[in-house]
Asker: 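Attaching a single structure in structure tokens format; questions to follow.
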There are 2 protein chains.
Amino acid sequence: MPKYTKKNLSDEAFERLGEQFKAFSEPMRLRLIYALMDGEKTVSELVKETGGLQANVSKHLRMLLEAGIVERRKQGLNSYYSIADPSIFELCDLMCNSIRGRLTAELDSFSAARSSATA
Amino acid sequence: MPKYTKKNLSDEAFERLGEQFKAFSEPMRLRLIYALMDGEKTVSELVKETGGLQANVSKHLRMLLEAGIVERRKQGLNSYYSIADPSIFELCDLMCNSIRGRLTAELDSFSAARSSATA
DNA sequence: ATATACTATTACTCTATAGTAATGTGCTTG
DNA sequence: CAAGCACATTACTATAGAGTAATAGTATAT
């Protein structure tokens, strides 16, 4: 028996994973998630903060809601949205670091080129 | 001065982040990434393993390449692809756990409903 | 009841891209 | 060099979804 066996992922698992990643794949939705890192906010607040149109913000919030990324609480005239799953912060951090890592590597390669050119 | 100030993300940062997430948002690309977790493979091997058409596999590999997620090494007739950035494993794990967490919660709520119904 | 404010939905256009078939490109081998 | 193989690219169709304007719901206030 091997130390580590790669788990078999079903077709459904790949679909589900893809959908989840897709929820994070639009700048507007990332802006919304980012804005909600301060805590619960209303749609109007999010509209102001992201600079989007109300209809578009509502639509993206709906997608985030259906993806299970945010929660909604209705009170009076307002809908209050908040992050449903805190593990999202880690996820975004990790992705940011991954990008940063690659950019740093790229930057280093340029520096290396310059220093070997001037050496 | 506050303990923690949320970093300001530029429009470009949101775009870049979105693009990166988008690279992970298609089942076929996830299949390819998954297949490459064993290590370097040729296109033909990936075609067999994923069950996709060659043209489609090539196209998705190109996207992963441009996103910096995989690397390519050409030798003779073959192109050998491999994961470029190991932090991708963590990323996928985290996303899987996030999904698992929510499914577990959902499952629990059903169990709770049943046990309170039968209590 | 009427008016107003906040949010959600609908209908539309436009763009991006997934899948596919056909073709192109470049090695390699006889 | 001619044939064959691995891979990449192109051209096409079909679908999803982003942005937007207009409209519909729904709660509150007068």
Side-chain angles (χ1 to χ4, degrees), chain A residues 11-36 40-82 84, chain B residues 11-36 40-82 84:
Chain A
D11 288 3
E12 278 177 38
F14 283 119
E15 296 273 345
R16 188 82 162 77
L17 244 185
E19 280 170 26
Q20 203 63 33
F21 274 113
K22 192 181 300 184
F24 291 88
S25 75
E26 285 301 319
M28 187 47 152
R29 285 198 288 273
L30 290 173
R31 264 181 252 272
L32 290 168
I33 291 169
Y34 180 72
L36 290 174
E40 199 180 54
K41 291 184 182 169
T42 67
V43 177
S44 318
E45 287 172 324
L46 291 170
V47 166
K48 265 188 213 158
E49 195 162 339
T50 61
L53 292 190
Q54 183 265 322
N56 201 27
V57 168
S58 265
K59 205 170 63 171
H60 284 297
L61 285 171
R62 189 183 204 281
M63 296 178 82
L64 289 173
L65 188 64
E66 284 172 352
I69 294 170
V70 303
E71 286 174 342
R72 180 172 55 187
R73 178 175 71 85
K74 292 191 178 190
Q75 181 183 319
L77 286 176
N78 299 311
S79 288
Y80 292 86
Y81 284 90
S82 57
Chain B
D11 288 1
E12 279 177 37
F14 283 120
E15 296 272 346
R16 187 83 163 74
L17 244 183
E19 281 171 24
Q20 202 64 33
F21 275 113
K22 191 182 299 182
F24 292 88
S25 74
E26 285 300 319
M28 188 46 154
R29 284 196 289 273
L30 290 173
R31 262 182 252 274
L32 289 168
I33 290 168
Y34 179 73
L36 289 174
E40 198 181 54
K41 291 184 183 169
T42 67
V43 177
S44 318
E45 288 172 325
L46 292 169
V47 166
K48 266 188 212 158
E49 196 163 339
T50 61
L53 292 191
Q54 182 265 321
N56 201 27
V57 168
S58 265
K59 205 169 63 171
H60 283 298
L61 285 171
R62 187 183 206 281
M63 297 179 82
L64 290 173
L65 189 64
E66 283 171 353
I69 293 169
V70 303
E71 286 174 341
R72 180 170 55 185
R73 176 175 74 84
K74 291 191 177 189
Q75 182 185 319
L77 286 174
N78 299 310
S79 288
Y80 293 87
Y81 284 89
S82 57

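As a basis for the values below, the full set of heavy atoms in this structure was taken, side chains included, without hydrogen atoms, waters or symmetry mates. Keep in mind it's a predicted model, so treat the numbers as computed, not measured. Lettering of chains follows the sequences in order, A, B, ..., and the numbering in each one begins at 1.
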Asker: Search all heavy atoms of B:Tyr81 against all heavy atoms of B:Leu46 and return the closest pair with its distance.
Answerer: CB-CD1, 4.4 Å

Asker: Measure from the side-chain heavy atoms of A:Ser44 and tell me the nearest of D:dC7, D:dG17, C:dC6.
Answerer: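 Minimum distance to the A:Ser44 side chain belongs to C:dC6.
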
Asker: Of all the choices, D:dA8, C:dA8, C:dT7, which nucleotide is nearest to the side chain of A:Arg72 once you look at every atom?
Answerer: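 It is C:dA8.
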
Asker: I'd like to know if A:Glu66 pairs up with A:Arg62 as an ion pair, taking the criterion as any Lys NZ or Arg NE/NH1/NH2 lying under 4.0 Å from an Asp or Glu carboxylate oxygen.
Answerer: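 Yes, A:Glu66 and A:Arg62 are salt-bridged.
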
Asker: Using atom CD of A:Glu45 as one end and atom P of C:dA5 as the other, report the distance to the nearest whole Å.
Answerer: 17 Å

Asker: Please pick, from C:dA21, D:dA8, D:dA6, the nucleotide with the shortest atom-to-atom distance to any side-chain atom of B:Leu77.
Answerer: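 The closest nucleotide is D:dA6.
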
Asker: Would you indicate what A:Ser79 reaches in the nucleic acid, counting non-hydrogen atoms under 4.0 angstrom: base, sugar-phosphate, or nothing?
Answerer: sugar-phosphate

Asker: Using a 4.0 Å heavy-atom cut-off across all strands, classify A:Tyr81 as base, sugar-phosphate, or nothing.
Answerer: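 Answer is sugar-phosphate: A:Tyr81 comes under 4.0 Å of backbone atoms only.
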
Asker: Please tell me if B:Arg62 has a side-chain N or O lying less than 4.0 Å from either OP1 or OP2 of D:dT9.
Answerer: yes

Asker: Considering every strand and a 4.0 Å limit on heavy-atom distances, what is the contact class for A:Glu26: base, sugar-phosphate, or nothing?
Answerer: sugar-phosphate

Asker: Is A:Lys41 reaching over with its side chain to a backbone N or O of A:Ala35, donor-acceptor style, under 3.5 angstrom?
Answerer: yes

Asker: B:Arg29 side chain N/O closer than 4.0 Å to the phosphate oxygens (OP1, OP2) of C:dA18?
Answerer: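 Looking at the OP1 and OP2 atoms of C:dA18, one of them is under 4.0 Å from a side-chain N or O of B:Arg29.
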
Asker: Looking only at side-chain atoms of A:Asn56, point me to the closest of D:dA21, D:dA18, C:dT7.
Answerer: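 Of the candidates, D:dA18 comes closest.
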
Asker: So does B:Arg31 pair up with A:Asp11, basic N to acidic O under 4.0 Å?
Answerer: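 Yes, this pair counts.
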
Asker: Side chain of B:His60, heavy atoms from C-beta onward: which of C:dA18, D:dA18, C:dT9 has the nearest atom to it?
Answerer: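 Comparing C:dA18, D:dA18, C:dT9 against the side chain of B:His60, the answer is C:dA18.
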
Asker: Answer yes or no: does a side-chain N or O of B:Lys59 lie under 4.0 Å from OP1 or OP2 of D:dC7?
Answerer: no

